[in-house]
Amino acid sequence: MQDRLNEIEKAALAALDQVDDPAALEAWRVTHLGRSSDLMEVFSGLGKLSKEERPVIGAAANRVKVALESALESRAGAVKEAALAKSLEEDELDVTLPGRNKHIGRLHPSTQQLRRVLSILAEMGFQVFTSREVETDEFNFQHLNFPPHHPARDMQDTFFIEAGERGDNPILMRTHTSPGQIRAMRHFAATNPQNPPPIRIALPGMCFRYEQITARSEVQFNQVEGLAVGRNITFADLKGTIADFVRRMFGEGARLRFRASYFPFTEPSAEVDVECFVCGGAGCQVCKNSGWLEILGCGMVHPNVLTAGGYDPKVYSGFAWGMGPERQLMLRNKVGDIRYFWGNDVRFLEQF
Ligand code: DAH
């Protein structure tokens with residue numbers, strides 16, 4: 001019986017040497033360690049042996065079983081490594097190939113520019129104040145010194161939401177961020193009506209105009225309004241603030257000029273041009289050969305507007321401006337058509 005066990009072990013180990021893939025390994029296990037293997041037959045025959053033989057043969061059979069199991073385990077490791085090596089070779093995995101790019105989202109160019117503007121203004125001490133997009137005629141026009149039939153209303157064609165029963169005060173989409181000036185002044189004045197605190201704010205947000213969509217005009221666009229109100233604020237403060245902003249935004253060497261203009265809510269009013277950075281002032285298509293690009297409207301807050309906001313114009317004065325981030329981007333990046341901004345064409349958006 002001892003000899004038979006030695007034979008079984010020898011034959012099994014010899015067969016294991018030939019095994020070189022996982023399927024053959026499993027077949028070997030069934031043949032040599034499975035329920036109907038020769039070794040298991042020895043175990044099941046133990047009962048027929050004599051009392052003296054049984055423990056001796058039992059121990060020997062166990063030793064063979066342990067030996068075969070450990071041989072199987074180490075062969076299994078070798079087979080696995082060989083299979084990996086083979087697949088690496090056959091699959092020709094080129095570990096030097098670049099990985100697949102993940103498409104990472106980004107902020108919309110308008111949002112990026114809006115944030116640039118606001119972070120510059122924050123450095124200059126302007127706090128962000130947000131105001132509603134749906135307004136009343138009263139706030140969008142009347143408090144800003146546009147009387148009901150004022151011709152300057154035609155400068156801003158309006159989306160009316162509810163015109164019918166509200167008489168002279170229909171609900172509308174704001175056509176500019178300027179009504180936020182009144183909301184902000186009233187907000188701050190309410191904290192101390194007798195002696196309202198000074199204000200230095202930036203009002204960002206979407207504006208809407210009922211206009212023909214063309215390369216130069218869209219029905220929606222962002223504006224950033226600035227407002228400073230306090231005692232002894234003069235036009236010199238306005239000029240200094242705007243000049244500082246322009247240099248921070250367009251570069252230390254940027255040249256600018258103030259041009260007299262008209263807005264109902266400011267007096268005096270001006271528009272600001274920067275020297276065309278496309279042609280350096282020599283004249284080109286972007287600046288229509290003028291050498292200058294208009295970037296904002298501004299002025300000293302009209303006394304009627306201060307009054308509407310709860311600030312006594314005999315005590316307080318202030319300045320304001322309004323500018324468009326999309327327009328700034330168009331100038332900065334030579335974007336020829338404003339419709340790209342809301343066209344959702346990734347080829348455009350990806351460039352920012
Ligand atoms: N609200 C004007 C517009 O939308 C822009 C503007 C001009 C705002 C002068 C101002 C300002 O605050 O002082 O065209």
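Each residue takes its place number in the sequence, starting with 1. Note that ligands are numbered from 1 as they come in the structure, with each ligand's atoms numbered from 1 the same way. Keep in mind that this is a model prediction, so the values were computed, not measured.
- Counting heavy atoms closer than 4.0 Å to ligand 1, residue Arg209 contributes side-chain atoms (C-beta onward) but none from N, CA, C or O.
- Using a 4.0 Å cutoff on heavy atoms, Met323 does not count as a contact of ligand 1.
- Scanning His176, Arg174, Glu225, Met300 for the heavy atom closest to atom 10 (C) of ligand 1 points to Glu225.
- The existence of a salt bridge linking Arg183 and Glu135 is confirmed by a sub-4.0 Å separation between a basic side-chain nitrogen and an acidic carboxylate oxygen.
- For Thr175, no nitrogen or oxygen atom sits less than 3.5 Å from a nitrogen or oxygen atom of ligand 1, counting backbone and side chain alike.
- Under a 4.0 Å heavy-atom criterion, Phe265 is in contact with ligand 1.
- Backbone and side-chain nitrogen or oxygen atoms of Ala320 are examined, and one is located within less than 3.5 angstrom of a nitrogen or oxygen of ligand 1.
- Between Arg29 and Glu26 there is a salt bridge, since at least one side-chain N of the basic residue sits less than 4.0 Å from a carboxylate O of the acidic one.
- Taking a 4.0 Å cut-off on heavy atoms, Glu271 fails to register as neighbouring ligand 1.
- In this pair, His108 and Trp342 present their aromatic rings parallel. The plane angle is below 30°, not in the 30 to 60° band.
- For Phe265 and His176, the ring centers are positioned less than 6.0 Å apart.
- Of the listed residues (Ser269, Ala270, Gly297), the one carrying the non-hydrogen atom nearest atom 9 (C) of ligand 1 is Gly297.
- At a threshold of 4.5 Å between side-chain heavy atoms, the hydrophobic network of Ile, Leu, Val, Met, Phe, Trp and Tyr places Val64 and Val30 in two separate groups.
- There is a side-chain donor-acceptor pair under 3.5 Å between Arg116 and Gln113.
- Each of the following atoms of ligand 1 lies closer than 4.0 Å to a heavy atom of Phe263: 7 (C), 9 (C).
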